[in-house]
Protein chains: 2
Amino acid sequence: MSMHGVARRVGIKAPSLYTYFESKHALYDELFRIGMREYRARLDQVEQDAGPGLDALDAFVHESLRFADEHPELFQLLFERPVPGFEPSTEAMEEAAGLLSDTDSRVRRMMASGVIRTELDVEQARDVIVVLVQGLMSLKRANEPGVRAGEGRTGRVLPHIVGLLKTAWNPGAEDPSKEQGK
Amino acid sequence: MSMHGVARRVGIKAPSLYTYFESKHALYDELFRIGMREYRARLDQVEQDAGPGLDALDAFVHESLRFADEHPELFQLLFERPVPGFEPSTEAMEEAAGLLSDTDSRVRRMMASGVIRTELDVEQARDVIVVLVQGLMSLKRANEPGVRAGEGRTGRVLPHIVGLLKTAWNPGAEDPSKEQGK
DNA sequence: GTCTATAGGATGATAGAC
DNA sequence: GTCTATCATCCTATAGAC
C-alpha cells in the first residue's frame, strides 16, 4: 500500500493525504483502530442475532472467518503485524484490548449459562478460542484467499474445529435430555 | 529484507548476489524451500526422539512453536505470505506438499495405534491439528514475539490446546486401565 | 484543502572493468 | 565471481502557489 495508491483510490493526490494524516504510520494506525471497531461491531451484531446458547459460539467463529475473508489485508494488519516498524498507538491498542474483553464477556456468559463446561478459567478458555479462530483466519488467507467461504480445506475443517470445542466443552449438548435438568 | 542488507550480512556487495540468484523472488524461493526442509527435518527428529504414543502429538506442537519462535521471519514467509506478488515455485511447493503428507502420515500412525480416536478421517484430523498449530504460531509472533517459549499468553494456552485435543480425541488416555484392553 | 514540483532516499537490477 | 558505478523506478514527505 503506497500513499500514491491510497490517494488515487480516494480521488485526490498523494500530498493532500498529509492534510488528514501526518504520516503513513498514522494512516495505518487509523486503519487499525477502525478495523478493530468494525470487527467488534460485527461480532456484537451476530451475537445478538444468534441469541444465547451454543449457536453464539458458531456465530463467533463464522463471522470471524467471514471478516478475514472480506478484508484479507485488514485482517493481516490487525492480527499478523505485516508492517515492520509499525506498532499501533496506545489509543488504537485500547480498541484491541476492548476486543479481548468483549470476548471474555462472551465466554463468561457461556460458562455462566452452562453452554460451555470446562475446568479452564475465563481467560484460558478465551485464549483457546482465539487460537482456533486465528488459525482458521491465518490459514485461509495464506493458502486459499480466493476460495469461497465454506469451501476448500478451510471451509471443510471449520465445522470440525467447532465440533472439537463442543465435544471437549459440552459433550452433552447434542442430547437435549441432558439439558433439561439444568 | 533488501538485497543490500542480505549482501552485507554475507560479506559481499549487492550485485554479487545476482551471481547466485537471478532475482529477489528467486532468493525468497530458495528461502522458502530451505525453510520447509528444515521445519520438516526438525519435526522428523523430535518424532523419533518422542517415540510412538501421545507424546508425539505434544512434540509436534511444541517443536512447531519453537521453530516459529526461533525464526519468526521465516515462519512468516512459509505460512503467512507476507510478500505481495511472491508465490513459491512449483519445486518449492513440492516441499510444502511434502510437509503436508508428512503430517498425514503422523496422524495416520496415531490413528492406527489408537492414540487418536476420532470419527474424522486422516485429512480432516490433520487439518484440525494444522489449524491449532498455525493459530499458536501466528498469535505468538504477532503478539508476543520476544516472550520466552512457555511464558506469556501463548505459553499458558499451549497445554490447554493440547489438552483440548486429548480430551476430544482420546479421553481415556489418562486412565491406563482403558489402554490395557487395546 | 488542493494542487504542482521536487527533495531526498531506498530499492532492484544491469553494465562492464578486473 | 567480485567489484564500482550507475540506471531507473518507486517511495514518503515537504515547500509553496492557488
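We name chains A, B, ... by the order of the sequence lines, and we start the count at 1 in each one.
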Sequence neighbours excluded - salt bridge (Lys or Arg N to Asp or Glu O under 4.0 Å) pairs with any residue from [range]:
{"range": "residues 48-60 of chain A", "value": "A:Asp58-A:Lys166"}
{"range": "residues 124-138 of chain A", "value": "A:Asp104-A:Arg126, A:Asp127-B:Arg153"}
{"range": "residues 4-30 of chain A", "value": "A:Glu30-A:Arg33"}

Please write out the pairs of protein N or O atoms and N or O atoms of nucleotides 16-18 of chain C separated by less than 3.5 Å, giving the distance to one decimal.
none

Any N/O pairs under 3.5 Å between the protein and nucleotides 3-7 of chain C? List them or say none.
residue, atom, partner, partner atom, Å
C:dC3, OP2, A:Lys13, N, 2.8
C:dC3, OP2, A:Ser16, OG, 2.7

| field | Counterpart residues, side chain to side chain donor-acceptor pair (under 3.5 Å), relative to B:Glu95 (two or more places apart) | value |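 B:Glu95 satisfies side chain to side chain donor-acceptor pair (under 3.5 Å) with B:Arg40 only.
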| said: I need the A:Ser105 OG to A:Leu100 CG distance, nearest 0.5 Å. | reply: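 So the OG of A:Ser105 and the CG of A:Leu100 are separated by 10.0 Å.
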| task | Could you list all the ring-ring contact (aromatic ring centres under 6.0 Å, His included) pairs where at least one residue sits in residues 131-153 of chain A, not counting sequence neighbours? | result |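 Qualifying pairs, neighbours excluded: none.
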| Listed once per pair and sorted, the ring-ring contact (aromatic ring centres under 6.0 Å, His included) pairs that draw on residues 2-21 of chain B, sequence neighbours left out |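 Sorted result for residues 2-21 of chain B: empty, none.
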Output all residues satisfying salt bridge (charged side-chain N to carboxylate O under 4.0 Å, His left out) with [X], sequence neighbours left out; order by chain, then residue number.
{"X": "B:Glu91", "value": "none"}
{"X": "A:Glu144", "value": "none"}
{"X": "A:Arg109", "value": "A:Glu47"}

| said: If I take atom CG in residue B:Leu17 and atom C1' in nucleotide C:dT14, what distance separates them, rounded to the nearest angstrom? | reply: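 It is 14 Å, rounded to the nearest whole Å.
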| query | At under 4.0 Å between heavy atoms, what does A:Tyr20 touch on the DNA or RNA strands: base, sugar-phosphate, or nothing? | reply |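 Counting heavy atoms under 4.0 Å across all strands, the contact made by A:Tyr20 is with sugar-phosphate only.
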List, with names and distances, any nitrogen or oxygen atoms from the protein found under 3.5 Å away from nitrogen or oxygen atoms belonging to nucleotides 8-12 of chain C.
residue, atom, partner, partner atom, Å
C:dG12, OP1, B:Lys24, NZ, 2.4
C:dG12, OP2, B:Met3, N, 2.9

